[in-house]
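The block underneath contains the structure these notes are about, expressed in structure tokens.
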Amino acid sequence: MIRRIRIPPWATYFVLFAVAWLVRCAYLAETSGHPSFRMPLVDAGEYHAIAKAWAEGQRPLEKLAWQPWFYPLALAQLYEIAGPSVWAAKLLQISVGSLVCAFVAALAFALWPRPPIRWIAGLAAAFYGPLIHYDGELLAEPWAALWLVAAALAAVRYRERPRGSLAFALGILGALMLFTRPPLAAAWIPLLLVAGSAWIRRPAGPRRIVLSDAALLAVGFGLAAAPFVQAIAAATGTTRLLPVTGGINFYIGNSANPCETINIRPGYAWENLTLWPELHGARTDDEKDAFYRRQAMQDIRAHPGVFARNLVAKTRQFFGSREIPRNVDIYAFRDQSFLLRALAWKYRGFGFPFGLLIGLAAIGLWDRRPQSFGLALAIAGYAAAIVAVHVCDRYRMPVVPLFIVLASFGILALSDAARKRRFRALAAGAGTIVLLGAATSLGGPFCAETMDYRAELSRLIAITAYEQRDYPLAETYARKAVAQNPQDAQAWNQLGLLAVRRGSPAEAEDHFRRATDCDPACAQAWFNLGKAAGKRGEPETAIGHFREGLRHSPAYLPAWFELGDLLLENGRRDEALACYREVLRIRPGFEPAFRRIAGATRFTAPMSP
């Protein structure tokens, strides 16, 4: 008689962790030759730069408050040990992502204690394409997912058997969620209700135990939050719990023209948006944050129909089958990886794997009611918080593991139905999968899907390579960007800067003019044309270019200084003083402007020949 071998739970979790880690290692190996691997882009690049600065002891560090600061601080700790190694950071990332897969298996088993469920849930998470991709990026998403799944597991365990240690852990995890991805607080609160339901149908326990657990939860939250509050105080001189970008993100997703604001690209358009509050008297980060919130609320009150339609569109995007891009598009990375091509794709409106996952999750939610309602509440709370701001695939990632847990229930329920030959249940399940897959694929493309992200990826690499002084690589990818999208003004401007470095001013001017032809609002190209005309000895032309650029970017202070200096050199002192005073109007007390004004009052105009 053959006896079935019993595998201890810890061994199952270890194997799932190992499988997930090896899959993610394979993905890193596949993508390691691409420039974006060693040069983190956009937000990943910001996290990398801030972590390096913190590890090097730079204080103050105002940029730390721009993003939730758990992740850059965690990355800084790694850099203090291993140096600013992208490989070390990515190995840490995939380890965290692999740990999420093991926790997903544990959570699934806690809600439905059948051994196969561990393997179904853990392997589904291990091979979920978008998770693999984001686990390989220098972003906070794997950590956010880890805290959320761990909090859900702690809440379920507490509901089964209340313990002070679990209440303490829930408090710690709540603080980590807040400082990693603030909208996760909207998922944490439903999980507290799940935990608190332990006391609803029990004989009234000693009030002292309930109060003790509540106190432990608060203490855990406070102890975990304290280092982050201290860190931001050291970095910025202020005490805060939330980043300073809440207002600008709220405005982006709720303006009167949401398609226009959601598609503002990294570069001159984004810079104009960040400088906008200064034109209206906002000086501090908190004043700027309040300015964006006021603008958003004004637009909502003035255009309630647009706001309502936009909320519906954002909800559809959050639960849609496709991965909605923001600054970069996961589908633009598929050329680099066989794994990603197999595990994350779209056909017309349908996106895999989420288009399949959501149907399976719905089956699992129904089959395991009411045990799984807590997960549904956590997903709904987080979804509401994200939809209230703006949606992209990266922001959906933290709750994808909860969807996977529900989907594992659906897979096991369908398997049971097949084994028992319950054909009506199988047909209903198949219908649910098809129906929800189709429903979440209807419509579109959404506004964020209309951009050329392949060209944008090439341009972002070109700009990052230029900043890191890898000029041959910058030129290669800038030329690739304009080949992919000849209307990319920023890529043409980048080619102009590279031509200046090569000592080819005529070629540079051609590129700058091409940039302004593609987008007359490309202020940087106008400023570069102004510099080129000044070097050619054509001051009037140069002045005209600078004024045109400032018309599109009126809060860009360096251009006001350059225009003022140019006017002063050509004997137009009053106009130069007006430029310097405009700087002081935009940014009162700015010392360089006072120095320029003092110098201009002593300036003697050159004699006419």
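Fair warning: this is a prediction, and the values are worked out from it, not measured in the lab.
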Quick one: are the ring centres of Trp69 and Phe228 less than 6.0 Å apart? no
Describe, in one word, how the ring planes of Phe350 and Trp345 are oriented to each other, choosing from parallel (under 30°), tilted (30 to 60°) and perpendicular (over 60°). tilted
Residue pair Asp452, Gln484: steps toward the side-chain hydrogen bond (donor to acceptor under 3.5 Å, both in side chains) verdict: CA-CA 8 Å; Asp452 187 341; Gln484 292 168 323; over 6 Å; no
Could you walk me through whether His133 and Glu323 pass the side-chain contact (heavy atoms from CB on, under 4.5 Å) check? CA-CA 12 Å; His133 171 73; Glu323 304 299 320; over 6 Å; no
Report yes if the distance between the aromatic ring centroids of Tyr453 and Tyr331 is under 6.0 Å, otherwise no. no
Could you work out, with ring-ring contact (aromatic ring centres under 6.0 Å, His included) as the rule, every residue matching Phe403, not counting sequence neighbours? Phe354
Does Trp21, at its CH2 atom, have more than 12 non-hydrogen atoms belonging to other residues, nucleotides or ligands within less than 6.0 Å? no
Run the ring-centre check on Phe250 versus His390 and record whether the distance is less than 6.0 Å. no
Apply salt bridge (Lys or Arg N to Asp or Glu O under 4.0 Å) to residues Arg114 and Asp416 and explain how you reach the verdict. CA-CA 12 Å; Arg114 291 178 59 184; Asp416 288 344; 2.6 Å; yes
Hey, is Arg396 close enough to Asp393 for a salt bridge, meaning N to O under 4.0 Å? no
Step through the shown structure and confirm whether more than 12 heavy atoms of other residues, nucleotides or ligands are within 6.0 Å of CZ on Arg424. no
Taking the six-membered ring for Trp, are the ring centroids of Phe221 and Trp188 within less than 6.0 Å of each other? yes
Is it true that the side chains of Tyr158 and Asp213 contain a donor and an acceptor less than 3.5 Å apart? yes
Does some side-chain heavy atom of Asp329 sit less than 4.5 Å from a side-chain heavy atom of Leu457? no
What do the steps show when you test Asp43 against Arg394 for salt bridge (Lys or Arg N to Asp or Glu O under 4.0 Å), and what is the final call? CA-CA 11 Å; Asp43 285 348; Arg394 179 182 143 202; 2.7 Å; yes
Has the side chain of Thr261 got a donor or acceptor atom that lies under 3.5 Å from a matching backbone atom of Pro258? yes
Give a yes or no on whether a salt bridge exists between Glu141 and Arg181, defined as a side-chain N under 4.0 angstrom from a carboxylate O. yes
Give a yes or no on whether the backbone of Ala102 and the side-chain of Arg118 come within a donor-acceptor separation of less than 3.5 Å. no
Check step by step if side-chain contact (heavy atoms from CB on, under 4.5 Å) holds for Ile330 and Leu340. CA-CA 9 Å; Ile330 185 175; Leu340 202 59; 4.2 Å; yes
Would you find more than 12 non-hydrogen atoms of other residues, nucleotides or ligands less than 6.0 Å from Arg422 atom CZ? no
Apply side-chain contact (heavy atoms from CB on, under 4.5 Å) to the pair Phe409 and Ile120, showing each step before the final yes or no. CA-CA 9 Å; Phe409 299 160; Ile120 295 169; over 6 Å; no
Is it true that the side chains of Tyr71 and Gln93 contain a donor and an acceptor less than 3.5 Å apart? yes
Do Glu46 and Pro72 have side chains that get closer than 4.5 Å, going by heavy atoms? no
Stepwise side-chain contact (heavy atoms from CB on, under 4.5 Å) test for Met39 and His48: CA-CA 9 Å; Met39 293 188 304; His48 180 62; over 6 Å; no
What closest approach, in Å, do Pro40 and Leu138 show between heavy atoms, and which atom pair accounts for it? CG-CD2, 4.0 Å
CZ of Arg419: more than 12 outside heavy atoms within 6.0 angstrom? yes
Any side-chain heavy-atom pair from Arg159 and Ser197 closer than 4.5 angstrom? yes
Does a side chain donor of either Lys314 or Asn254 reach within less than 3.5 Å of an acceptor in the other side chain? yes
When you look at CH2 of Trp119, are more than 12 heavy atoms from neighbouring residues, nucleotides or ligands closer to it than 6.0 Å? yes
Does the pair Arg454/Asp335 count as a salt bridge with the N-to-O cut at 4.0 Å? yes
Can you find a heavy atom in the side chain of Leu176 that is under 4.5 Å from one in the side chain of Trp143? no
Under 3.5 Å, is there a donor-acceptor pair between the Ser337 and Thr31 side chains? no
